[in-house]
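Read through the structure below, which is laid out as structure tokens, and then see the notes.
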Protein chains: 2
Amino acid sequence: MTNPEKSPVPPAVIDDSTLRLFIGYHMKRAFNVVQADLTQTLKPFDLRMLTYTALVLVVDNPGLSQSQLADAMGIERPNLVVILDELEHRELIVRDRAPTDRRAYALKATLAGRRLYDKAVAAVITHENRLLASIDDATRSILIKALSEVREHQTT
Amino acid sequence: MTNPEKSPVPPAVIDDSTLRLFIGYHMKRAFNVVQADLTQTLKPFDLRMLTYTALVLVVDNPGLSQSQLADAMGIERPNLVVILDELEHRELIVRDRAPTDRRAYALKATLAGRRLYDKAVAAVITHENRLLASIDDATRSILIKALSEVREHQTT
DNA sequence: TATTGTTATACTCTATAACTATA
DNA sequence: TATAGTTATAGAGTATAACAATA
């Protein structure tokens, strides 16, 4: 729990009795580690977590609109624009016009986008398995299920 | 792997088959919900997640140095300075000089700081219990333990 | 009127380099 | 020389308001 040999100033034995009841702290710290690992994993593909997530969702859900994608990613529509601009300029996705609604786009991945997706997803799976090595499959299921339930709680 | 063609633009049934293997996505979405709730909960106390976390750690670990606190919070030292400036200006904490090392500070909470801590912690516990209502105690323990293990994996 | 995508903008959080004063 | 705290700064990520085109 603590970090023994380290600094000259007191060893710092952190009393996290209160933090035990503070789930946001644990989620933030764990997410930081996951994101740091993810950033390194995605660097060879020139992707960040946001561009990777957008690419994955577009490949798996062709025809998605920007509003739907922003909603799936949990970000506001304006913030998605630059993310998709980047993917489009790199010719990984295209913004087709939606046939039924001329206001909306139908997002689709290009062949290059699907190829990058295949390689990046494989790398991410490998790295995440290493990151979660100490956590057995049953616990991983519980973890993901619990996180999903928290997300769906969505109080506002 | 992909999705059958469905509604033109509307309801959006997201295929998250790939995301299921992408723990960072679930952690980010869940953390967003927790932080949004936390932000609202702390607003009456004029605290943000970072100032709240710093206050909690200082109250529970009096005499902590800024380096130790930054380490415990998972942020860099420079970013902690403004956080502590704010808490100090509000007279919730003090920066005493460490007796053994004149470079370092020994951080301590004031009486006002401990009083705000009491009220804020109570509010946070109440709100988190509501947020985690659908998750039983055993699962909560597994969740926190799994998150801690991920944090301690710390690749870099 | 309402919605899609867009621009502009501001705020928070984060990371790095370089400085000072101590060690 | 190394460490503690600080300053300055730049980069992400996020949120809101307002607009044009379309519904």
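Below, all heavy atoms of this structure are taken into account, side chains as well, without hydrogens, waters or symmetry copies. Chain A is the first sequence line, chain B the second, and so forth, proteins listed ahead of strands; every chain is numbered from 1.
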Rounded distance (Å) that lies between atom [atom2] of [N] and atom [atom1] of [X]:
X	N	atom1	atom2	value
A:Leu84	C:dT7	CG	C1'	15 Å
A:Leu38	D:dG13	CG	P	11 Å
A:Met49	C:dT14	CE	P	15 Å
A:Arg48	D:dT14	CZ	P	10 Å
A:Gln35	C:dC13	CD	C1'	11 Å
B:Leu80	D:dA4	CG	P	13 Å
A:Asp85	C:dG5	CG	P	13 Å
A:Ile83	C:dG5	CD1	P	14 Å

Main-chain N/O of A:Thr139 paired to A:Asp136 side chain as donor or acceptor, under 3.5 Å
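Yes.
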
Is a side-chain donor or acceptor of A:Arg97 paired with a backbone partner of A:Arg103 at a separation under 3.5 angstrom?
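Checking the backbone N and O of A:Arg103 against the side chain of A:Arg97, a donor-acceptor pair under 3.5 Å is found.
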
Closer to the 5' end of DNA chain C via nearest nucleotide, is it A:Arg95 or A:Lys28?
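Nearer the 5' end of the strand: A:Arg95.
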
Heavy-atom distance under 4.5 Å between the side chains of A:Asp46 and A:Thr51, does that happen here?
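No. Closest side-chain heavy atoms not under 4.5 Å.
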
Taking only the side-chain nitrogens and oxygens of B:Gln66, find out if one of them lies under 4.0 Å from OP1 or OP2 of D:dT6.
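For D:dT6, OP1/OP2 do have a side-chain N/O of B:Gln66 under 4.0 Å.
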
Please determine if a side-chain N or O atom of A:Ser67 lies less than 4.0 Å away from the OP1 or OP2 oxygen of C:dG5.
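Answer yes for this pair, as a side-chain N or O of A:Ser67 is under 4.0 Å from OP1 or OP2.
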
Heavy atoms under 4.0 Å, any strand shown: does A:Arg97 hit a base, just sugar-phosphate, or nothing?
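Nothing, no nucleic acid heavy atom in range.
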
Pick base, sugar-phosphate or nothing for A:Leu50, based on heavy-atom distances below 4.0 Å to the nucleic acid.
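Sugar-phosphate, no base atom in range.
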
Testing the 3.5 Å rule here: is there a donor-acceptor pair between the side chains of B:Thr126 and B:Asn129?
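Absent: no donor and acceptor within the cut-off.
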
Regarding A:Ser134 and B:Glu149, is there a side-chain donor-to-acceptor distance under 3.5 Å anywhere?
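Their side chains do contain a donor-acceptor pair, which is all the 3.5 Å distance test asks for.
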
Hey, do the aromatic rings of B:Phe45 and B:Tyr52 have their centres closer than 6.0 Å?
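B:Phe45 vs B:Tyr52: aromatic centres not under 6.0 Å.
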
Partners meeting salt bridge (Lys or Arg N to Asp or Glu O under 4.0 Å) with A:Asp118 (sequence neighbours left out)
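Testing A:Asp118 for salt bridge (Lys or Arg N to Asp or Glu O under 4.0 Å), a comparison that skips the adjacent residues, returns none.
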
Footprint string (nucleotides 15-23 of chain C, 5' to 3'): B base within contact, S backbone only, - free, heavy atoms under 4.0 Å:
BBB---BBS

